[in-house]
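The structure under discussion appears below in the form of structure tokens.
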Amino acid sequence: MLQIFNTRTRRMEPFEPTDPKAVRLYVCGVTVYDDCHLGHARMLVIFDMVVRYLRQSGYGVRYIRNLTDIDDKIIRRAAELGETVEGLTRRMIDRFHGDQEALGVAPPDAEPSATGHIGAMVHLIERLWDRGVAYQGENGDVYFRVDRFPTYGCLSGRRLEELRAGSRIGIEETKADPLDFVLWKAAKPNEPAWPSPWGHGRPGWHIECSAMSMAHLDLPIDIHGGGQDLEFPHHENEVAQSEAATGEPFVRYWIHNGFVQVGQDKMAKSQGNFMTIREALTRYDRETLRFWLLASHYRSPVTFSEENLVQARFSLERLYLALRGLGEPDSPDSAALAPWQSRFSAAMDDDFNTPDALAVLFDLVREINRVRTADPDRACQLGTGLREMARVFGLLELDPETFLRGGGGEVTDEWIEERIHERQRLREAGQYAEADRIRQQLLDAGILVEDGPEKQARWRRRSPAAS
RNA sequence: GGCCAGGUGGCAGAGUGGUCAUGCAGCGGCCUGCAAAGCCGUCUACGCCGGUUCGAUCCCGACCCUGGCCUCCA
């Protein structure tokens with residue numbers, strides 16, 4: 001049975017969705033003001049894996065992931081670029097969708113946008129207003145009154161006194177309490193604005209996710225996810241607003257993924273140490289990227305570096321090498337796979353322990369390689385199983401030769417084939433020194449020639465960093 | 001300052017009170033014309049100091065160090 005580490009309780013809990021047949025999953029998506037970087041990729045890939053695993057485990061899943069398409073950064077960026085807010089967000093959403101597809105991430109079942117849910121947000125704020133937990137400051141902004149929500153801080157394990165004692169909270173005199181947060185921002189000149197009972201303005205960030213998740217999912221939501229940096233204050237505020245408005249529990253299991261780091265630092269736009277998904281995909285293939293992201297547990301930090309990505313590529317090559325040359329089995333035999341399948345599930349059931357699950361895949365690879373000559377049909381059985389298990393990670397979806405020969409390079413396949421034929425002639429003539437020269441020539445071009453039992457030698461590309 | 005997470009072998013990265021993670025790299029062997037791939041074997045570990053225990057990397061306590069959040073953030 002699946003156990004999930006729930007951020008709210010900080011412990012493992014058996015996963016029992018409200019409706020055993022349909023998991024309600026909401027993940028905080030991205031703010032569309034710029035290209036997404038590898039930090040966003042981690043979130044996308046991790047929750048893609050979560051959804052795939054839940055579905056493979058027999059659950060129906062309704063997966064909602066939002067788009068924040070109105071906020072300060074967007075307005076500022078649009079102004080800088082001399083572009084309309086709508087034009088900017090439309091462009092960025094298209095690019096984001098391109099990134100998603102390029103990463104092999106299945107789209108969510110619905111992708112609500114903030115500007116498409118202004119009415120729901122206003123309505124939600126009205127409910128908070130009616131319950132006396134919202135008020136309007138002198139500047140026209142509407143705030144949530146934090147001390148009216150007794151359990152404020154429960155998600156992130158903070159207490160109001162501790163937060164107030166913190167030195168980093170700026171004092172804003174229009175708030176009754178420095179910890180109160182904005183529900184509705186009064187419009188400034190030349191900003192996009194929508195009408196509301198409190199005047200023209202736009203929604204605060206936190207209210208978006210409360211309104212959008214409730215618009216698309218029944219309460220309580222089973223799993224609400226996002227990056228660790230959203231734990232406080234974003235998710236804390238979501239809980240406060242949602243539960244204060246509805247009077248019922250908002251979310252049952254909170255899942256937060258760890259950061260992508262560069263050296264010792266978190267990868268972030270503000271740090272300037274980021275690499276966009278687009279750029280990463282010009283340097284590494286998507287399965288290598290996914291492997292790298294899934295080779296660490298989702299709650300641990302993962303470090304972006306050339307060495308780590310090259311290592312991921314090599315590891316993945318071992319999986320593909322095992323698959324190379326395996327056909328379809330004569331008849332499926334699930335019993336042959338049972339031991340690995342159960343170890344794999346046990347790993348995944350343990351809070352999505354993908355590194356442990358990957359280790360099972362490698363053990364399976366060893367077994368495939370061991371039996372492939374003596375018992376080819378069993379090897380095929382196991383190979384099919386390997387692919388099936390890897391599907392949860394979005395890995396091993398390519399033809400092995402395609403993967404192994406891919407990765408780019410300056411030389412054409414035709415040239416390679418021609419050289420290999422030439423070398424084969426020399427080998428048959430016993431001119432090994434000449435043949436080896438060609439092998440070296442190919443190797444210098446990043447091509448590894450492998451003589452097999454067949455007459456025709458196989459080849460594959462080594463990534464440039466291999467040497 | 002407050003709160004949270006973590007420190008595992010050359011690197012990456014799981015896990016466990018007492019045999020084995022796994023991948024990459026290294027070393028030896030088999031295989032190969034030579035290689036590659038593969039198989040077999042093998043070496044480098046659990047931050048530091050105490051405590052509990054027959055036994056601790058794993059439990060408890062102190063200490064050191066790192067990261068994150070407390071401000072926009074996946």
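FYI, side chains are in, hydrogens and waters are out, and symmetry mates aren't considered; it's all heavy atoms of this structure. Residue numbering restarts at 1 for every chain, and letters A, B, ... go by the order of the sequence lines.
Nearest nucleotide to the side chain of A/Ser315, out of B/A36, B/G23, B/A74: B/G23. In the set B/G68, B/A37, B/C3, B/A37 carries the atom at the smallest distance from any side-chain atom of A/Leu321. You'll find that the side chain of A/Arg370 is closest to B/C39, out of B/C39, B/G68, B/A36. Checked against B/C70, B/A74, B/C24, the side chain of A/Leu163 finds its nearest nucleotide in B/C70. Checking B/A74, B/A36, B/U22 against every side-chain atom of A/His37, the shortest atom distance belongs to B/A74.
The distance between atom CZ of A/Phe291 and atom C1' of B/A14, rounded to the nearest whole Å, is 12 Å. A straight line from CG of A/Asn6 to C1' of B/C4 spans 15 Å, rounded to a whole angstrom. Atoms CZ (A/Arg439) and P (B/A35) sit 9 Å apart, rounded to a whole Å. Distance, A/Met389 CE to B/U22 P: 17 Å, rounded to whole Å. A straight line from CD of A/Glu231 to C1' of B/A5 spans 10 Å, rounded to a whole angstrom. Taking atom CZ on A/Arg372 and atom P on B/C39, their separation rounds to 9 Å, with Å as the unit. Look at CZ on A/Arg11: it is 12 Å from P on B/A5, rounded to the nearest Å. The separation between A/His235 atom NE2 and B/C3 atom P is 23 Å, rounded to whole Å.
Taking atom P in both B/U16 and B/A25, one finds a spacing of 28 Å when rounded to whole Å. Comparing the same atom, C1', in B/A36 and in B/U19 gives a spacing of 34 Å after rounding to whole Å. A distance of about 16 Å separates the P atoms of B/A12 and B/C46, rounded to the whole Å. Distance check on atom P: B/A21 versus B/C40 gives 15 Å, rounded to whole Å. Only the C1' atoms considered, B/G7 is 13 Å distant from B/A45, to the nearest whole Å. Separating the P atom of B/G10 from that of B/G6 is a span of 23 Å, rounded to the nearest Å. B/U57 and B/U44: their P atoms are spaced 16 Å apart (whole Å). As rounded to the nearest Å, B/U8 and B/C49 have P atoms that lie 16 Å from one another.
Base pairing of B/U22 is made with B/A12, judged by Watson-Crick or G-U wobble geometry with both donor-acceptor distances under 3.5 Å. Across all strands shown, B/C3 forms a Watson-Crick or G-U wobble pair, both distances under 3.5 Å, with B/G68. As the counterpart of B/C27, B/G41 is assigned, both hydrogen-bonding distances of the Watson-Crick or G-U wobble pattern falling under 3.5 Å. Pair check for B/C63 finds B/G47; Watson-Crick or G-U wobble, both atom distances under 3.5 Å. In this structure, B/C58 makes no Watson-Crick or G-U wobble pair, since no nucleotide meets both defining distances under 3.5 angstrom.
Each of A/Asn353 and A/Leu38 was assigned the nucleotide of RNA chain B with the nearest heavy atom; the assignment lying further toward the 5' end belongs to A/Asn353. Along RNA chain B, the nucleotide closest to A/Ala268 and the one closest to A/Pro233 are compared, and the more 5′ of them pairs with A/Pro233.
For A/Arg423 and B/G33, a side-chain-to-base donor-acceptor distance below 3.5 Å is present, hydrogens and geometry of angles not being considered. Under 3.5 Å, the side chain of A/Arg158 and the base of B/C4 form no donor-acceptor pair of N or O atoms. Between the side chain of A/Arg42 and the base of B/A74 there is no donor-acceptor pair of N/O atoms closer than 3.5 Å. A/Asp436 contributes a side-chain N or O that forms a donor-acceptor pair with the base of B/G33 under 3.5 Å. Counting distance only, with no hydrogens placed and no angle test, the side-chain atoms of A/Arg427 and the base atoms of B/G33 include a donor-acceptor pair under 3.5 Å. Interface remark: the A/Asp451 side chain does form a donor-acceptor pair with the B/C34 base, using a distance-only criterion of under 3.5 Å.
Between B/G23 and A/Arg313, no contact under 4.0 Å exists linking OP1 or OP2 to a side-chain N or O. Within the structure, a side-chain polar atom (N or O) of A/Arg318 is placed less than 4.0 Å from OP1 or OP2 of B/C39. Listed pair A/Lys269 / B/A74 fails the phosphate criterion, with no side-chain N or O lying under 4.0 Å from OP1 or OP2. Phosphate contact (OP1/OP2 of B/G23, side-chain N/O of A/Arg366, threshold under 4.0 Å): present.
Of the charged side-chain nitrogens involved, at least one lies within less than 4.0 Å of a carboxylate oxygen, so that A/Arg313 and A/Glu317 count as a salt-bridged pair. Here A/Glu367 does not pair with A/Arg343 in a salt bridge; the nearest charged N to carboxylate O distance is not below 4.0 Å. Using a cut-off of 4.0 Å between Lys/Arg side-chain N and Asp/Glu carboxylate O, A/Glu428 and A/Arg425 are scored as not salt-bridged. With respect to A/Arg148 and A/Asp180, no salt bridge is recorded, no charged nitrogen being found less than 4.0 Å from a carboxylate O. Taking a cutoff of 4.0 Å between a charged side-chain nitrogen and a carboxylate oxygen, A/Asp48 and A/Arg65 do not qualify as a salt bridge.
Among the protein residues, A/Tyr432 comes within range of the nucleic acid bases, having at least one heavy atom under 4.0 Å from a base atom. Across all strands shown, A/Asp363 has heavy atoms under 4.0 Å from sugar-phosphate atoms exclusively, and none from any base. Using a 4.0 Å heavy-atom cutoff across all strands shown, A/Arg460 reaches sugar-phosphate atoms only and no base atom. Within 4.0 Å (heavy atoms only), A/Gly39 reaches at least one base atom of the nucleic acid.
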Check against side chain to side chain donor-acceptor pair (under 3.5 Å), A/His234 and A/Glu238: CA-CA 6 Å; A/His234 184 55; A/Glu238 273 188 56; 3.0 Å; yes
Side chain to side chain contact (heavy atoms under 4.5 Å, CB included) assessment of A/Leu38 paired with A/Leu293: CA-CA 9 Å; A/Leu38 291 173; A/Leu293 290 169; 6.0 Å; no
Side chain to side chain donor-acceptor pair (under 3.5 Å) between A/Thr68 and A/Glu208, worked out: CA-CA 8 Å; A/Thr68 295; A/Glu208 293 177 11; 2.9 Å; yes
Could you run down the sub-3.5 Å N/O contacts of the protein with nucleotides 9-13 of chain B?
residue: B/C11; atom: O2; partner: A/Gln311; partner atom: NE2; Å: 3.0

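Under the 30°/60° scheme for interplanar angles, the aromatic rings of A/Trp254 and A/His235 are found to be tilted. Between A/Tyr320 and A/Phe403, the angle of the ring planes stays under 30°, which puts this pair in the parallel group of the 30/60° scheme. Ring orientation note: the planes of A/Phe181 and A/Tyr152 are close to parallel, at an angle under 30° on the 30°/60° scale.
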